[in-house]
K.L.:
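Sharing a structure, written as structure tokens. Questions coming.
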Protein chains: 2
Amino acid sequence: MSKNPTKILLAEDDQNLSMLLKNYLDAKGFDAHLFKNGKEAFQNFKKGIYDLCIIDVMMPVKDGFTLASEIRNEDQNIPIIFLTAKSMQDDIIKGFELGGDDYLTKPFNMEELMARITAILKRTARPENPSGIYTIGKFKFDSNHQKLILNEEEQKLTSKENALLTLLVEHKNDILPREKALLEIWHDDSYFNARSMDVYITKIRKYLKKDPNIELINVHGTGFKLLA
Amino acid sequence: MSKNPTKILLAEDDQNLSMLLKNYLDAKGFDAHLFKNGKEAFQNFKKGIYDLCIIDVMMPVKDGFTLASEIRNEDQNIPIIFLTAKSMQDDIIKGFELGGDDYLTKPFNMEELMARITAILKRTARPENPSGIYTIGKFKFDSNHQKLILNEEEQKLTSKENALLTLLVEHKNDILPREKALLEIWHDDSYFNARSMDVYITKIRKYLKKDPNIELINVHGTGFKLLA
DNA sequence: CCGGGGTTTTAACTTAATTTAACGCTTATT
DNA sequence: AATAAGCGTTAAATTAAGTTAAAACCCCGG
């Protein structure tokens, strides 16, 4: 199940820059759609489902701010990045007031744009599994409620057991590196924390033993692997 | 019941700029805490509950990137804005990779910083509920009138019960950190206040017991989570 | 100023979660 | 095979949280 590319609405009238942008974004794996003024852009915005907008402030026919406020009117949440030639602070303030998420002053370099896009998408991204419910062999694992359920029996988990098992299922059939677990759960990779983690691995193994098809194996010097 | 100001961690070694920043932010109604290097900043970060970090990249003792990654390790979500003297693109990319939310190149003007702070906080903000009326499972909770209502029955709450339950519902299905509750309600994180808070947790659990689908679980060493 | 009812804090005790310690076994290295 | 480092398991020690009751506090009416 491969993911759809992020669809970007690109509103920019400058011929050179716009093609440069579109090519760059497409090369980076995005699906960028280019429009040369605010009017065209808005007409298309209503049709397509976009994930992100990059809007030049100065455009003929309909300027970027007008476009942005129309878009905001349709969609409260879609991220908007403004581009502007002049670095007038009033413009910047206005852009943010309109609900812009970021603001780039020309000339900017593509790497920076890319970094800002990535940062915004990361913030906007929906968590992978908001329900927090996973299947492990015959078990249901509800990480939000810190419970491991087999048939009708509920096993309550402590916070650490829950955190560790959550990491393990997120890496199901794959290695969860020791270091990663230690940093995320214990916030520090030290001798004692590592020993503590081993204790929790034992506890989790004990719980999971009720389904003999599940294995929680160690990869020496590397990490653990949950097989189901 | 007025709201606490947004608490900002400010890490900046330049004497002039840092005081300028602190004064400006304080004047804008924030509660800015200034530290002159990464080490000091991190030590204090762990103690206080901050809402936003503004970090200079170039600092003595511990640089801004190191500080940011340590902070990210403790808190996945807190917004971080980097400040840098040089507009080196590599720095910018690195900043975003570390989970920075925004990046400002010196010299910047205060208005722009303000705009970016506002934009970030708007994204991060928890949805407000001016009515003060929440739903918790089968209950209605009216925080303005300090009442918990199930069917026709009204349970009056004391102000502490009310304040704590309000914080809990504002973080529904998410962790309410102990320190945050202690600082906001008891204004001081001490042993006895922590004990007192536990007493109130017990009381609230007793009230909520009437709906068996509601859980108020403890996350060891971290806080409480209200699940409904 | 005093007393009483409700609220909050302190105290004492209990239970649970987590870390540390101890010891034995396994895996890599030479 | 000897050695060292990594891991497994159990139990003890430590620290956090849960519960209940008593003490202290606070505010209002008399």
K.L.:
If you only use heavy atoms from C-beta on, which nucleotide in dG18(D), dA21(C), dT9(C) is closest to the side chain of Val199(A)?
P.N.:
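Within the option list, the nearest is dA21(C).
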K.L.:
Please determine which of Asp198(A), Asp189(A), Thr222(A), Asn193(A) meets the side chain to side chain donor-acceptor pair (under 3.5 Å) test together with Arg178(A).
P.N.:
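Passing option: Asp198(A).
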K.L.:
Between dC13(C) atom C1' and Asp198(B) atom CG, what is the distance in whole Å?
P.N.:
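Distance check: Asp198(B) CG to dC13(C) C1' gives 14 Å.
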K.L.:
Rounded to the nearest 0.5 Å, what separates atom CG in Asn77(B) from atom CG in Asp174(B)?
P.N.:
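One finds 8.0 Å between CG of Asn77(B) and CG of Asp174(B).
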K.L.:
Atom CD1 of Ile204(B) to atom C1' of dT20(D): distance rounded to whole Å?
P.N.:
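Computing the Ile204(B):CD1 to dT20(D):C1' distance gives 17 Å.
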K.L.:
Write down the distance between OH (Tyr191(A)) and P (dG6(D)), rounded to a whole number of angstrom.
P.N.:
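After rounding, the gap between these two atoms is 10 Å.
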K.L.:
Taking NZ, NE, NH1 and NH2 as the nitrogens, is one of them in Arg72(B) or Asp101(B) under 4.0 Å from a carboxylate oxygen of the other?
P.N.:
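Yes, Arg72(B) and Asp101(B) are salt-bridged.
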K.L.:
May I have the distance from Tyr200(A) (atom OH) to dT10(D) (atom P), rounded to whole angstrom?
P.N.:
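Rounded to whole Å, this separation is 16 Å.
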K.L.:
Using a cut-off of strictly less than 4.0 Å between a heavy atom of the residue and any atom of DNA chain D, enumerate the qualifying residues of residues 156-172 of chain A by number.
P.N.:
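When residues 156-172 of chain A is checked for heavy atoms under 4.0 Å from DNA chain D, there are no hits whatsoever.
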K.L.:
Would you indicate whether Glu170(A), at its atom CD, is surrounded by more than 12 heavy atoms from other residues, nucleotides or ligands within a distance under 6.0 Å?
P.N.:
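It does: Glu170(A) CD has more than 12 such atoms within range.
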K.L.:
Is any side-chain heavy atom of Ile214(B) less than 4.5 Å from a side-chain heavy atom of Phe139(B)?
P.N.:
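Yes - at least one pair of side-chain heavy atoms lies under 4.5 Å apart.
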K.L.:
Name the one of Lys36(B), Lys106(B), Lys62(B) that satisfies salt bridge (Lys or Arg N to Asp or Glu O under 4.0 Å) with Asp56(B)?
P.N.:
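Testing each of Lys36(B), Lys106(B), Lys62(B) against Asp56(B), the sole residue satisfying salt bridge (Lys or Arg N to Asp or Glu O under 4.0 Å) is Lys106(B).
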K.L.:
For the base of dA11(C), is there a side-chain donor-acceptor partner from Arg195(B) under 3.5 Å away?
P.N.:
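Per atom types, no contact qualifies.
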K.L.:
Of all of residues 205-223 of chain B, which get a heavy atom below 4.0 angstrom from DNA chain D, listed by number?
P.N.:
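Here the set is Arg205(B), Lys206(B), Asn218(B), His220(B), Gly221(B).
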K.L.:
In this structure, how many angstroms lie between the P atom of dC7(D) and the CG atom of Leu176(A), rounded?
P.N.:
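Leu176(A) atom CG is separated from dC7(D) atom P by 12 Å.
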K.L.:
Quick one: which of dT20(C), dT9(C), dT10(D) gets closest to the side chain of Ser196(B)?
P.N.:
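Closest of the options to the side chain of Ser196(B): dT9(C).
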K.L.:
Could you tell me how far apart Glu179(A) (CD) and dC7(D) (P) are, to the nearest whole angstrom?
P.N.:
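Taking CD of Glu179(A) and P of dC7(D), I get 13 Å after rounding.
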K.L.:
Does a nitrogen or oxygen in the side chain of Trp186(B) sit under 4.0 Å from OP1 or OP2 of dT8(C)?
P.N.:
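Checking Trp186(B) against dT8(C): no side-chain N or O falls below 4.0 Å of OP1 or OP2.
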K.L.:
Looking at Glu161(B), Glu154(B), Glu153(B), which hits salt bridge (Lys or Arg N to Asp or Glu O under 4.0 Å) with Lys147(B)?
P.N.:
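Only match with Lys147(B) under salt bridge (Lys or Arg N to Asp or Glu O under 4.0 Å): Glu154(B).
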K.L.:
Let me know the distance between CD of Gln146(A) and C1' of dA16(C), rounded to the nearest Å.
P.N.:
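Answer to the nearest Å: 13 Å.
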K.L.:
Whole Å only: how far is the CD1 atom of Ile201(B) from the C1' atom of dA16(D)?
P.N.:
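In whole Å, dA16(D) C1' and Ile201(B) CD1 are 13 Å from each other.
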K.L.:
If you compare all heavy atoms of Tyr103(B) against all heavy atoms of Gly95(B), which two are closest, and at what distance to 0.1 Å?
P.N.:
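Where Tyr103(B) meets Gly95(B) most closely, the heavy atoms are CE1-CA, 4.2 Å.
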K.L.:
Less than 6.0 Å separating the ring centroids of Phe82(B) and Phe65(B)?
P.N.:
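Yes; Phe65(B) has its ring centre under 6.0 Å from that of Phe82(B).
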